[in-house]
Amino acid sequence: MTHLVHPVSKGICSQYDADRLESEQRRTFLRNSALFTGAALTASAFSAAPASAAKLAVSQSNKEMGREIEPEAYGMPSKFESHVKRRRTDVLKNKQHWSDWSMTPIHQQPGIVTPNGLFYERHHAGTPDINPDEHALVIHGMVKQPLKFSMNDLMRYRAVSNFNFMECSGNTLTDWQQAKATTVQQSHGLLSCAQWTGVPVSTLLDEAGLDPAAKWVLFEGADGSAHARSVPIEKCMTDTVLAYAMNGEMLRPENGYPLRAFMPGWEGNVCVKWLRRIKVSDKPWHLRSETARYTDPMPDGKWRQFSMIMECKSVITRPSGGMMLQGPGTYEIEGFAWSGNGSVKAVDVTTDGGVTWHQADLEGPVLDRCLTRFRHTWEWKGGPAKIASRAVDSTNYVQPTVADIAKQRFTSGFVQHHNGIFPWSVSENGEVKNAIA
Amino acid sequence: MQSLKRTATAALALCASLSVAGGALAGNYGTPVTEADVAAWDIDISTPTGEGLPEGQGTVAEGAKIFAEKCVACHGENAAGGDMYGSMVGGIGSMTEPKRKLTPGSMYPYASILFDYMRRTMPMTEPQSLTNNEVYALSAYIYSLNGLVPAEATVSAETLKAIKMPNRDGFMVDDRPDVVSTRCMNNCPPLEPILKK
């Protein structure tokens, strides 16, 4: 598990020290570098550093030529950022890695856009490598004229581009009743955000001509699981996009190349990847993926079905599990808030375990159904603390506690749609831990 | 991607021609196909009615034989759980217990769900390789292990449609928001875990 406890960039300065075995020299560097993040340090936090810095030497990089521009290349992150990776879960371990998932290091993501190489993955039969010249999309069923589209056909339509988060319905599911995750990557890393570009599916459904009785639409993938979901026609006709690009480049294979459905605010598994077929009907299909999976256990033995909206949620990403506060002082608490029902209206932060809440600052842009970053400055006096965030969305829905959710739903087992307030404890020595239980 | 360069060129040419012609610019670029053209892809089953179930049939005994060849490595003897996955047998009646046991027998509201799922995705190493008769036989075997068809059963579309699944009425439509919280700012109740220590 130690490989997951790397919340702090080795290359970029931070207040939060993850590596408890590191040298005193590095600690000094981190303390000093905190000044460059704009956070003021108290005298006590700074006292271990020299009163006046040593004279600065001219760096070697100032005294030589850098790397030559390559004739052509796809640029990669700095070698000093090589620890920033998405990772398979090692909290709920799968025995094979085709129907599995990998999680975004959201504590290492500045801003609101997740780089494509760090966008979370969830597949049911691994990642296919599909040649776009051979890929086709078919629309059929209750339409006047069934149609087939090549990728080149699809790219001729007027496209839209929108920034939206995507979250797996299973995000945080290991941590309802017990603290299983160590880091926020493990607890909340089935969450990412991108600018999605593609064709509104309504354009294509209009072209095919919907039967007036059409009510539900099947989206099916070209992967080895032929993953499929039933989607209400209203969602298709309002904002569903058939995306071929994310963040300014074609989709990555693991995110559906060359074509996927994208439904803003809805759970990731309805945003069918490697999309090959759309079928229109007057009723839902009730497939395994919408009965035995992706449903929510309710009291009295019942299951809630077709619960696709991801409700308002937030989490503190820094400091978060596995990090270490470097002594009493001023700290910038930051994290993400999002809602599948609209935009984030406010985020409150507590540092005393929920007794007192302070409204945090939202960092712009604040967009509809998009990750929104919040910040709150905290004076840590050095004693034990419990910190958490609580989001409110544009419908005035207030992010609930897990205890409040448990009053309405069954929370034992493989339970989806955990949007509860997620506390982290801070120990006297600055160690940050999962405090959900 | 060469094909996308071609698209860009084509799109530019299109813009030029339209700007000359003027008028509405919405293009229709789909190619008409027939349902017959799509038949090989058209594998979904509307599971409440069984609409889409193909011709064919299979027995429990045939299913047991196919299971031993293609499924047992991951799902275990008698589908009781193996190296990769948990049990596919039992759990009927467990929905109101503290630990619900989820199997095709206990969980699926409609019997055709098993056919649809196996045909589109199993075996994991070679999906869409089973014949319809093999999928019927495996459905017979799994449902027989769950006590939902007799050991000597032959299963077809009509048989699957006729099985009344125990969890048939176990589902409710999404009625969220179901949790209403207040935005308390001061003197609020402290955050408590679900399970009290």
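Naming convention: chains lettered A, B, ... in sequence-line order (proteins, then strands); numbering from 1 in each chain.
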> Quick check on H358(A) against chain B: is it the side chain, the backbone, both or neither that has a heavy atom closer than 4.5 Å?
backbone
> What part of V355(A) gets closer than 4.5 Å to chain B, counting heavy atoms only: side chain, backbone, both or neither?
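V355(A) touches chain B through backbone and side-chain heavy atoms alike.
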> Counting only heavy atoms closer than 4.5 Å, note whether K386(A) contacts chain B via side chain, backbone, both or neither.
side chain
> Side chain of R176(B), backbone of I309(A): donor and acceptor closer than 3.5 Å?
yes
> Are R100(B) and F414(A) in a cation-pi contact, defined as NZ or CZ under 6.0 Å from the six-membered ring centre and within 45° of the axis?
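No - R100(B) does not lie over the ring of F414(A) by the 6.0 Å and 45° rule.
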> When rounded to the nearest 0.5 angstrom, what is the spacing between CG in N186(B) and CH2 in W357(A)?
12.0 Å
> Looking at A403(A), G420(A), P400(A), A406(A), which makes the most heavy-atom pairs under 4.5 Å with chain B?
P400(A)
> Could you tell me which of E220(A), H140(A), Q408(A), Q145(A) has the largest number of non-hydrogen atom pairs under 4.5 Å with chain B?
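It is H140(A).
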> Need one label for V33(B): side chain, backbone, both or neither, based on atoms under 4.5 Å from any heavy atom in chain A.
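Both parts, heavy atoms under 4.5 Å.
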> So which part of D300(A) gets closer than 4.5 Å to some heavy atom of chain B, the side chain, the backbone, both or neither?
backbone
> Can a donor-acceptor pair be found, under 3.5 Å and without considering hydrogens, that links the side chain of Y157(A) to the backbone of Y29(B)?
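At least one qualifying donor-acceptor pair exists.
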> What part of M308(A) lies closer than 4.5 angstrom to a heavy atom of chain B: side chain, backbone, both or neither?
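Looking at M308(A), just its backbone touches chain B.
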> Given side chains that start at C-beta, do those of E311(A) and P177(B) come closer than 4.5 Å, heavy atoms only?
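SC-SC contact between E311(A) and P177(B) confirmed.
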> How long is the straight-line distance from CH2 of W285(A) back to OG1 of T49(B), given to the nearest 0.5 Å?
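It comes to 10.5 Å.
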> Measuring from N28(B):CG to L147(A):CG, what's the distance to the nearest 0.5 Å?
8.0 Å
> Select one option (side chain, backbone, both, neither) describing which atoms of L191(B) are under 4.5 Å from chain A's heavy atoms.
both
> What part of A292(A) lies closer than 4.5 angstrom to a heavy atom of chain B: side chain, backbone, both or neither?
both
> Quick check: do Q96(A) and Y85(B) have side-chain heavy atoms less than 4.5 Å from each other?
yes
> Please look at S230(A) and chain B and tell me whether the side chain, the backbone, both or neither of the residue comes under 4.5 angstrom of a heavy atom of that chain.
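It is neither, since no heavy atom gets under 4.5 Å.
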> Any chance CD of E126(B) has more than 12 other-residue heavy atoms, nucleotides or ligands included, within less than 6.0 Å?
no
> Is there side-chain contact between D178(B) and R304(A), with at least one heavy-atom pair below 4.5 Å?
yes
> Are there over 12 heavy-atom neighbours, none belonging to K164(B), within less than 6.0 Å of that residue's NZ?
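For K164(B), atom NZ is crowded (more than 12 foreign heavy atoms under 6.0 Å).
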> Pick one of side chain, backbone, both or neither for A179(A), based on which atoms fall under 4.5 Å of a heavy atom in chain B.
neither
> Taking K302(A) for the side chain and D169(B) for the main chain, is one N or O donor matched with an acceptor at less than 3.5 Å?
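Confirmed, K302(A) side chain pairs with D169(B) backbone.
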> Do the non-hydrogen side-chain atoms of T411(A) and I194(B) ever get within less than 4.5 Å of each other?
yes
> Do F149(A) and T31(B) touch side chain to side chain, with heavy atoms closer than 4.5 Å?
no
> Can you confirm whether S46(B) sits close enough to K283(A) that some side-chain heavy atom of one is under 4.5 Å from a side-chain heavy atom of the other?
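SC-SC contact between S46(B) and K283(A) confirmed.
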> Taking all atoms of both residues into account, what is the closest heavy-atom pair of S412(A) and P98(B), and its distance?
OG-O, 3.9 Å
> Do R277(A) and D42(B) meet the salt-bridge criterion of a basic N to acidic O distance under 4.0 Å?
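Between R277(A) and D42(B) there is a salt bridge, with a charged N closer than 4.0 Å to a carboxylate O.
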> For S307(A), is it the side chain, the backbone, both, or neither that has a heavy atom closer than 4.5 Å to a heavy atom of chain B?
both
> Considering only heavy atoms, which portion of R288(A) lies under 4.5 Å from any heavy atom of chain B: side chain, backbone, both, or neither?
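Looking at R288(A), backbone and side chain both touch chain B.
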> Enumerate the disulfide (SG to SG under 2.5 Å) contacts for residues 119-187 of chain B, please, sequence neighbours excluded, ordered by first and then second residue.
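Sorted result for residues 119-187 of chain B: C184(B)-C188(B).
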> If you look at every heavy atom in I43(B) and A226(A), which pair is closest and at what distance?
CD1-CB, 4.4 Å
> Please classify the contact of P109(B) with chain A as side chain, backbone, both or neither, using a heavy-atom distance under 4.5 Å.
side chain
> Within the structure provided, determine whether T291(A) and M107(B) are in side-chain contact (heavy-atom separation under 4.5 Å).
no
> At a 4.5 Å cut-off on heavy atoms, which part of I405(A) comes close to chain B: side chain, backbone, both, or neither?
both
> Which atom pair, heavy atoms only, marks the closest approach of L287(A) to I113(B)?
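Looking at all heavy atoms of both residues, the shortest contact is C-CG2, 4.1 Å.
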> Go through the atoms of P297(A) and report whether side chain, backbone, both or neither lie under 4.5 Å from a heavy atom of chain B.
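Both parts, heavy atoms under 4.5 Å.
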> Identify the heavy atoms of M124(B) and A125(A) that sit nearest to each other, and give their distance.
CE-CA, 4.3 Å
> Verify, without hydrogens or angle tests, whether E192(B) (side chain) and A437(A) (backbone) share a donor-acceptor contact under 3.5 angstrom.
no
> Are any of the side-chain nitrogens in K279(A) or D44(B) under 4.0 Å away from the carboxylate oxygens of its partner?
yes
> What distance separates M172(B) CE from Q305(A) CD, expressed to the nearest 0.5 Å?
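M172(B) CE to Q305(A) CD: 10.5 Å, rounded to 0.5 Å.
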> For I45(B), which atoms come within 4.5 Å of any heavy atom of chain A: side chain, backbone, both, or neither?
backbone
> R276(A), H417(A), K407(A): which one forms the most heavy-atom pairs within less than 4.5 Å of chain B?
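Greatest number of close heavy-atom pairs with chain B: R276(A).
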> Select, from S289(A), A228(A), G301(A), the one with the greatest count of heavy-atom pairs under 4.5 Å involving chain B.
G301(A)
> Heavy-atom distance under 4.5 Å between the side chains of S225(A) and R120(B), does that happen here?
no
> Quick one: do the Q359(A) and R183(B) side chains pair a donor with an acceptor below 3.5 Å?
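Yes.
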> Please name the residue in the list Y110(B), F171(B), Y117(B) that meets the ring-ring contact (aromatic ring centres under 6.0 Å, His included) test with H286(A).
Y110(B)
> Under 6.0 Å from the CH2 atom of W41(B), do we count more than 12 heavy atoms belonging to anything else shown?
yes
> Is chain A contacted by the side chain of M84(B), its backbone, both, or neither, given a heavy-atom distance below 4.5 Å?
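Interface part for M84(B): both.
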> Given that the side chain runs from C-beta out, which part of D175(B) has a heavy atom under 4.5 Å from chain A: side chain, backbone, both or neither?
both
> Name the region of R409(A), side chain, backbone, both or neither, that has any atom closer than 4.5 Å to a heavy atom of chain B.
side chain
> Which of residues 201-209 of chain A have a heavy atom under 4.5 Å from any heavy atom of chain B?
E207(A)
